[in-house]
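Here the structure comes first, spelled out in structure tokens, and everything after it is commentary.
Everything numeric here is computed off the predicted structure, so don't read it as measured data. The figures that follow rest on heavy atoms only: side chains count, while hydrogens, waters and symmetry mates do not.
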Amino acid sequence: MDIRVLGCSGGLSDTQGSTCIQIGDYALIDAGTGLSSLSIEAMRKIRYIVLTHSHMDHIAALPLFLSNMFDDVEHRVQVFAQAHTIETLKTNIFNDNIWPDFTLLPTPEAPIVEFIEITPGDTFTLASPEKENAQIHVFAVDHTVPTVGVSVRMQNQHFVFSADTMEGPTLDNALSSLTKLAPIDTFMLECSFTNNKRELAVRTKHMTPAMVANTLSRMPELPKKLWVSHLKPSSGNALVAEVLALARKFENEINVVLLQESSIR
Ligand SMILES: Nc1ncnc2c1ncn2[C@@H]1O[C@@H]2COP(=O)(O)O[C@H]2[C@H]1O
């Protein structure tokens with residue numbers, strides 16, 4: 001399985017782009033500013049993008065990426081997203097004011113991008129032009145706007161990305177179902193705020209290290225690796241210290257990796 005985290009910051013940072021995960025060389029989950037670490041040649045190989053939700057840190061690079069592709073790419077980029085995400089992008093971004101409506105360009109018959117509506121619970125295949133296909137399953141998570149997490153299965157490996165979510169039964173039930181589908185090898189889970197910002201985390205539907213620990217303790221079977229991501233830059237070193245303490249607490253049970261610049265490329 002070839003998964004590269006191009007960015008997973010929960011905001012604007014001098015060390016890391018925002019959420020963008022590359023599958024092989026041909027697909028992305030989310031299109032945050034981490035996408036800008038790809039060369040133009042690498043961008044031209046991208047055929048599919050699965051968007052978890054409409055928030056800026058997950059879609060910021062999509063408009064500029066599409067204009068990069070516009071000139072000389074023959075394939076159409078397929079963007080998979082929930083109806084809310086598609087509608088929000090069309091109304092607020094691809095509206096010929098903020099950015100051109102690339103769903104009609106260069107011609108309405110053969111546009112550069114096609115939005116494909118997905119619903120939580122859907123399973124679909126991203127066909128690789130060269131290597132093994134990726135089997136995608138999207139599941140509902142609990143965030144302030146309609147959001148899906150993404151399960152990727154390829155080469156007998158199972159990677160699960162929580163996207164932005166709060167702890168609770170929605171996530172717990174999804175993790176139980178996903179574990180039955182196939183044991184989870186790598187679980188990329190968000191952790192946005194420090195424990196003393198629990199109230200803000202609940203209001204904005206995000207996780208703290210304590211919530212991450214609770215979620216792990218309720219999982220029917222622990223994944224082999226936990227990638228902790230989406231730290232808010234404003235939470236700084238205090239959050240890093242809390243995540244490292246969490247890693248020590250679980251060190252005999254699970255390999256906890258804090259995704260920072262050094263460990264994601
Ligand atoms: N009530 C709030 N107070 C402070 N920050 C907020 C509030 N609501 C949303 N945000 C921030 O706005 C961000 C929108 O994207 P996120 O959900 O990743 O994370 C959210 C928080 O960082």
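- Residues Ser36 and Met43 approach most closely at CA-CE, 4.4 Å, considering heavy atoms.
- Hydrophobic clustering of Ile, Leu, Val, Met, Phe, Trp and Tyr side chains at less than 4.5 Å, counting indirect connections, unites Leu35 with Leu89.
- Judged by distance alone, with hydrogens and angles left aside, the side-chain atoms of Asp185 form no donor-acceptor pair with the main-chain N or O of Gln157 at under 3.5 Å.
- Hydrophobic clustering of Ile, Leu, Val, Met, Phe, Trp and Tyr side chains at less than 4.5 Å, counting indirect connections, unites Leu244 with Leu246.
- Distance CZ/Arg76 to CD1/Ile112: 9.0 Å, rounded to 0.5 Å.
- Ionic pairing of Glu41 and Lys45 is not present here: no N-O contact between side-chain nitrogen and carboxylate oxygen is shorter than 4.0 angstrom.
- Distance OG1/Thr125 to CZ/Arg153: 9.0 Å, rounded to 0.5 Å.
- Under the 3.5 Å distance criterion, the side-chain polar atoms of Trp99 are left unmatched by any main-chain donor or acceptor of Phe94.
- Looking at heavy atoms from C-beta onward, Phe193 lies out of side-chain contact with Arg198 at the 4.5 angstrom threshold.
- Listed for the Thr107 side chain is a donor-acceptor partner under 3.5 Å among the backbone atoms of Ala110.
- The line from CD of Gln22 to CD1 of Ile29 is 11.0 Å long, rounded to the nearest 0.5 Å.
- Two rings, from His137 and His158, have their centers 6.0 Å or more apart.
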### Residue pair Thr52, Val150: steps toward the side chain to side chain contact (heavy atoms under 4.5 Å, CB included) verdict
CA-CA 8 Å; Thr52 60; Val150 183; 4.0 Å; yes

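- Ala140 approaches Ala174 most closely through the heavy-atom pair O-CB, 4.5 Å.
- In this structure a side-chain-to-backbone donor-acceptor pair under 3.5 Å is present from Ser229 to Leu189.
- With hydrogens and angles ignored, the 3.5 Å screen pairs a side-chain donor or acceptor of Glu190 with a backbone N or O of Ser192.
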### Message
Between Val5 and Trp227, does the side chain to side chain contact (heavy atoms under 4.5 Å, CB included) criterion hold? Intermediate values first, please.
### Response
CA-CA 10 Å; Val5 179; Trp227 286 358; 3.5 Å; yes

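- Val212 has its side chain within reach of Leu226: a pair of non-hydrogen atoms, C-beta onward, lies under 4.5 Å apart.
- Residues Met56 and Leu12 do not share a hydrophobic cluster, clusters being chains of Ile/Leu/Val/Met/Phe/Trp/Tyr side chains in contact below 4.5 Å.
- Between Tyr26 and Tyr48, the ring-plane angle classifies as perpendicular under the 30° and 60° cut-offs.
- When the side chains of ILVMFWY residues are joined at heavy-atom separations under 4.5 Å, either directly or via intervening members, Val257 and Ile21 end up in a single hydrophobic cluster.
- For the pair Asn95 (side chain) and Ile98 (backbone), a donor-acceptor distance under 3.5 Å is present.
- Side chains of His230 and Asp164 form a contact here, defined as non-hydrogen atoms less than 4.5 Å apart.
- At least one side-chain heavy atom of Thr147 sits under 4.5 Å from a side-chain heavy atom of Val145.
- When atom types are taken as modelled, the side chain of Glu242 and the backbone of Thr194 share no donor-acceptor pair closer than 3.5 angstrom.
- Residues satisfying the side chain to side chain contact (heavy atoms under 4.5 Å, CB included) test with Asn173, not counting sequence neighbours, are Pro169.
- Put simply, CD on Gln16 and OG1 on Thr33 are 9.0 Å apart, with the number rounded to the nearest 0.5 Å.
- Looking at Thr179, its side chain does come within 3.5 Å of a backbone N or O of Leu175 through a donor-acceptor pair.
- By the 4.5 Å heavy-atom criterion applied to side chains, Leu38 and Arg4 are counted as neighbours.
- Taking the side chain as every heavy atom from C-beta outward, Val228 and Leu259 never approach each other to under 4.5 Å.
- The backbone N or O of Leu231 sits nowhere less than 3.5 Å from a side-chain atom of Ser235 that would complete a donor-acceptor pair.
- You'll find the side chain of Phe102 reaches within 4.5 Å of the side chain of Ser67, heavy atoms only.
- Residues Pro183 and Glu221 come closest through the heavy atom pair CB-OE2, 3.5 Å.
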### Task
Please step through side chain to side chain contact (heavy atoms under 4.5 Å, CB included) for the pair Thr103 and Glu114, ending with a clear verdict.
CA-CA 6 Å; Thr103 64; Glu114 176 185 14; over 6 Å; no

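- Side-chain rings of His206 and His143 approach one another, their centers coming within less than 6.0 Å.
- Looking at Asp172 and Met219, their side chains never come closer than 4.5 Å, going by heavy atoms from C-beta outward.
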### Step-by-step side chain to side chain contact (heavy atoms under 4.5 Å, CB included) determination, Ile23 to Ile136
CA-CA 11 Å; Ile23 304 170; Ile136 305 294; 4.3 Å; yes

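- Between Phe115 atom CZ and Gln82 atom CD the span is 14.0 Å, to the nearest 0.5 Å.
- Tracing side-chain contacts under 4.5 Å through hydrophobic residues (I, L, V, M, F, W, Y), one never reaches Leu200 starting from Val240; they form parts of separate clusters.
- Nearest heavy-atom pair across Met154 and Ala134 is SD-CB, 4.0 Å.
- In terms of modelled atom types and a separation under 3.5 Å, the side chain of Asp57 and the main chain of Ser18 share no donor-acceptor contact.
- Atom NZ of residue Lys90 and atom CG of residue Asp101 lie 7.5 Å apart, to the nearest 0.5 angstrom.
- Looking at Ser128 and Glu132, their side chains never bring a donor and an acceptor atom within 3.5 Å of each other.
- Just one residue in the list His55, His53, His58 forms a side-chain hydrogen bond (donor to acceptor under 3.5 Å, both in side chains) with Asp30, and that residue is His58.
- Of all heavy-atom pairs between Phe187 and Pro223, the closest is CB-CG, 3.7 Å.
- A side-chain hydrogen bond (donor to acceptor under 3.5 Å, both in side chains) with Lys205 holds for exactly one of Asp142, Thr144, Thr165; it is Asp142.
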